[in-house]
Engineer: 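I have a structure I would like to understand better, so I am pasting it below and will then ask my questions one at a time.
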Amino acid sequence: MDSNMIKTRFAPSPTGFLHVGGARTALFNWLYARKHGGQFVLRIEDTDQVRSTAESAAGILSDLQWLGLNWDCGPQPGGVKNEYFQSMRLDLYNAHLDKLVKDRRAYEAYETPQQLAAMRMVAEKMKRPFRYRRNMPGRAERGSGPTVLRFEMPFETITFHDLILGDISVGGEEHDDIIIRKSDGFPTYHFAVVVDDHDMGITHVLRAQEHLMNTPKHLGLYQALGWQPPAHAHMPLVFNMDNTKMSKRDKTKAARAAAAAWIKQGHTLETLVEKSGIPADQLKEFLDKKTDDSRLAAAIGAALAVHLPEIDVQDFRRSGYLSDALLNFIALIGWSPGENREILSREEMLQLFSLETIGKTSGRFDRKKLLWMNGEYIRKRSIDDLLHDLAAFNAVTNYPIKHATESQQRDLLAMYQERTGTLAEMAENSRFFFEEPEMDAAAFKKHVESGNGRVLLQQIRDMLDSITDWSKDQLAPVIEKIIELGEKRGSAPQTLRVAVCGGSVSPPLLETMCLLGRSTTLARIDKALQKTG
RNA sequence: GCCCUCAUCGUCUAGAGGCCUAGGACACGGGCUUUUCACGCCUGUAACUGGGGUUCGAAUCCCCAUGAGGGCACCA
C-alpha cells in the first residue's frame, strides 16, 4: 500500500436517519478519495449508548448504498458489528486513555452534572465563558461524584491550516479540558475520532463547518498522543430556504401544523387516530410536542395527504427523487465545478472535483431547483435505467404502480418521462390506470355534462367501438378524427379524457387508451354516459 | 455574553486588480409550440451589504461597521 495514499472517511452516529447534510459530507469524502485513487472508510460512531441503535446504523448503510457511495472499509451491510463500530473498539481507546493518564495529560474529575450546571451559571452571571481547567479552584473531591477523565489542554494558541478556510487560530484561554472518557466508561466523540482517524490512517478529514471549533481540541489530543494529525477541511453548511437549520423537526413541525389545521376544520382527534393508525395516547404525546418521532409525523402526513418537507435521504427516495439527481444537486451546494457546468454524472464530478473549488459560504437548499434537476435526470435517462430507479422507489413505497408488470411500467415511464418531476408524482398521477378513478366533479361538469359533451362522448364511443384491433396503429387515426370533432378544436378529446381518466389531465390519449385497453376504456366511457343520465 | 467563520441577482453560483455594460442555472414575467398537463424553443426582470483606504484602475487587496451562520454538553 502506498504510504501517501489518500484516505477519507464518513463517520455518522447511528442516532437517526441519514440526513441530506450528512449525505453531502459523505459524497465529498467519497469524491476526494475516489478522485485520487485513495480509500473511503465508513465508521459508525456509536459511543452514545443511549441514543445509538442498530436499526439506525442499518438505515444509514442502505441509504449510502442507494446513493451509490461505496466504501472500502467499514461495516458489512446486513452483517454483525465489526471493528468499524466504535463500540467494538473500547480496548484501543482504553489503552490510549491509560497512556494519557500515565503521561499526566489526562486526569479524573468528579463533578455531578448539577454541579457543572451551577458552575456554568456562575460564569454566565459574570458574563464570562465557562472553561473547565485542571488548576481552577473549587473542583469536586474524589469520590464525591461520578468519575470522568478530562484531557488537559495546553494553554497556548493553536493554529491550523484548513484546506478550505485557510489559517484558523484559537487562543489558549479559549480551550478547556474536555471530557474524554464518560462515567459509563465510553470515550467521548472527541477522543474516539482522534484515536480512530489515526489508527485507520485517515489523511484528510472533510467535515461540516459546525466542527470547526472542535479541531483545536482534536489537535491538542494529537499532540499529546504524539501523532501526526490529518489535514482538515471544513465545508460550508446547508440551510433551509428561510435560513433555518434543516432538521427532522421541520417534518414534525409540518405534521403538527397539518393536524392542528385538520382539527380546526371541525374534525375530532378520534378521526385522526383512525385515519393515521396511530394509537391515541401516542398521537396526543406527539401533538403535545412530547416526542419528535418522525415516523408519527410521516403517518400523519400520509393520513392527511399533506406533503412533509424532505430532510433525510430516505424522504427524498420516497418522494421519487433519483439518487443521481439528489447527489448532483447536493454536490452543487458549496461546490462549483466551474465552466457553468451543472448537470454532472458521477464520472464528471470525479473529474472536476477538488478541495480548492469548494466555497466558503453556506448555502440554502432550494427544493425547486432540485425538482427541476430531478426532472432533467428523468428525461435524459433510458427506460431501462428508469426501471431500476422505479424498482428502488417501489421498494419503499406503496403506490399501485408497484404491482404493475414490467411492460406496464415501461409504458408508463415512457409516457411520464417528459411530464413528471419525481417518480412519486408519476405514481400518483398514474393511479387511474390501475384503479377506478374518483371523478373530478368540476371537470366532469365542464367537459362532459355541459354543452354537447354527452353527444360528443356518445359519438366518440361509437367510433372507438368500431375498432377491432385495439392498437396504436388503429387508434391513432381515430384520435385524429376525435380532435376535429365538435365546434372547438380540442374540446372533444377533453371530454374523452375526463370520462376515461377521471380528470382533465393525463398523458396523451393515444398511449393512455392503449395501455388501459379496450374494455376498460369503453367501460369508463359507458359509466360517464350513465352518470349524465 | 465570549470565541470562530462567512458576505455577488429571491436561490445556487462564476468571478483570483483592467477581459464586468458583472456570466450561467433555478425560480418568476412575456411569447412560440400544443388533444389536456408537461417537455421544448425564444425572450425579459433581477446582484457586487455600507463606509473608509491602497492603486492610474477594485466585485476582486487592507481596515472598520453591519448582517448572517457556527461553536461554547458525560451529543456527535
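Just so we're on the same page: letters track the sequence lines, and every chain starts at 1.
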Engineer: How would you list, by chain and number, every residue that makes a side chain to side chain contact (heavy atoms under 4.5 Å, CB included) with Gln351(A), sequence neighbours excluded?
Structural biologist: none
Engineer: Measuring to OP1 and OP2 of rA73(B), would you say a side-chain N or O of Arg120(A) lies under 4.0 angstrom away?
Structural biologist: yes
Engineer: Could you tell me whether Gly338(A) contacts a base, only the sugar-phosphate backbone, or nothing, with contacts defined as non-hydrogen atoms closer than 4.0 Å?
Structural biologist: nothing
Engineer: Just call it for Glu124(A): base, sugar-phosphate, or nothing, with non-hydrogen atoms closer than 4.0 Å on any strand.
Structural biologist: nothing
Engineer: Have a look at Arg128(A) and say if it touches a base, only the backbone sugar-phosphate, or nothing, with a 4.0 Å heavy-atom cut-off.
Structural biologist: nothing
Engineer: Between rC6(B) and rA14(B), how far apart are the P atoms? Round to whole Å, please.
Structural biologist: 15 Å
Engineer: If you only use heavy atoms from C-beta on, which nucleotide in rG40(B), rU36(B), rC75(B) is closest to the side chain of Asp48(A)?
Structural biologist: rC75(B)
Engineer: For a quick test of reading the model: is some side-chain N or O of Lys369(A) closer than 4.0 Å to OP1 or OP2 of rA27(B)?
Structural biologist: no
Engineer: Remember a base hit wins even if backbone is also touched, and classify Thr361(A) as base, sugar-phosphate or nothing at under 4.0 Å, heavy atoms.
Structural biologist: sugar-phosphate
Engineer: Thinking salt bridges, do Glu449(A) and Arg454(A) make one under a 4.0 Å N-O criterion?
Structural biologist: no
Engineer: Of the candidate nucleotides rA76(B), rU11(B), rC37(B), which contains the atom at the shortest distance from the side chain of Asp366(A)?
Structural biologist: rU11(B)
Engineer: Under 4.0 Å, heavy atoms only, any strand: does Gln49(A) hit a base, just the sugar-phosphate, or nothing?
Structural biologist: nothing
Engineer: Check every strand shown and say whether Pro507(A) touches a base, only sugar-phosphate, or nothing at a heavy-atom separation below 4.0 Å.
Structural biologist: base
Engineer: So what does Ser506(A) hit on the nucleic acid, given a heavy-atom distance under 4.0 Å: a base, only sugar-phosphate, or nothing?
Structural biologist: base
Engineer: Determine the contact category for Gln209(A): base if any of its heavy atoms lies under 4.0 Å from a base atom, sugar-phosphate if only primed atoms, P, OP1 or OP2 are that close, otherwise nothing.
Structural biologist: sugar-phosphate
Engineer: Within the 4.0 Å heavy-atom criterion, would you say Phe329(A) contacts the bases, only the backbone, or no part of the nucleic acid?
Structural biologist: nothing
Engineer: Roughly how many Å apart are rA59(B) and rG51(B), using the C1' atom of each and rounding to a whole number?
Structural biologist: 16 Å
Engineer: Given atom CZ of Arg364(A) and atom C1' of rG70(B), what is their separation to the nearest angstrom?
Structural biologist: 14 Å
Engineer: Applying a 4.0 Å non-hydrogen cut-off, can you work out what Gly421(A) is touching in the nucleic acid: base, sugar-phosphate, or nothing?
Structural biologist: nothing
Engineer: Can you tell which of rC74(B), rG40(B), rG1(B) lies closest to the side chain of Lys127(A)?
Structural biologist: rG1(B)
Engineer: Looking only at the side chain of Glu210(A) (C-beta and beyond, no hydrogens), which of the listed nucleotides rU36(B), rU13(B), rG70(B) gets closest?
Structural biologist: rG70(B)
Engineer: Counting side-chain heavy atoms from C-beta on, which of rC75(B), rC26(B), rG1(B) comes nearest to Lys182(A)?
Structural biologist: rC75(B)
Engineer: Just how far, in rounded Å, is P of rU35(B) from CG of Leu496(A)?
Structural biologist: 14 Å
Engineer: Could you tell me the separation between the CG atom of Leu237(A) and the C1' atom of rG71(B), rounded to a whole number of Å?
Structural biologist: 11 Å
Engineer: Tell me what His234(A) touches on the nucleic acid: a base, only sugar-phosphate, or nothing, going by heavy atoms under 4.0 Å.
Structural biologist: nothing
Engineer: Compare the minimum distances between each of rA27(B), rU35(B), rC39(B) and the side chain of Trp372(A), then state the nucleotide with the smallest one.
Structural biologist: rA27(B)
Engineer: Rounded to the nearest angstrom, tell me the gap between atom CG in Asn374(A) and atom C1' in rC26(B).
Structural biologist: 14 Å
Engineer: For the side chain of Pro129(A), starting at C-beta, report the closest nucleotide among rC37(B), rG1(B), rC74(B).
Structural biologist: rG1(B)
Engineer: Determine the contact category for Leu509(A): base if any of its heavy atoms lies under 4.0 Å from a base atom, sugar-phosphate if only primed atoms, P, OP1 or OP2 are that close, otherwise nothing.
Structural biologist: base
Engineer: Is rC20(B) paired to anything, Watson-Crick or G-U wobble with both distances less than 3.5 Å, and if yes, which nucleotide?
Structural biologist: none
Engineer: Give one of base, sugar-phosphate or nothing for Pro236(A), where a contact means two heavy atoms less than 4.0 Å apart.
Structural biologist: nothing
Engineer: Under 4.0 Å between any heavy atoms, over every strand shown, what does Thr47(A) touch: base, sugar-phosphate, or nothing? Just pick one.
Structural biologist: sugar-phosphate
Engineer: Can a salt bridge be assigned to the pair Arg43(A) and Asp197(A) using a cut-off of 4.0 Å between side-chain N and carboxylate O?
Structural biologist: yes
Engineer: Which residues within residues 157-181 of chain A lie with some heavy atom under 4.0 Å of an atom in RNA chain B?
Structural biologist: Leu165(A), Ile168(A), Ser169(A), Glu174(A), Ile179(A)
Engineer: Of the nucleotides rA27(B), rC75(B), rC74(B), which has the atom closest to the Leu116(A) side chain?
Structural biologist: rC74(B)
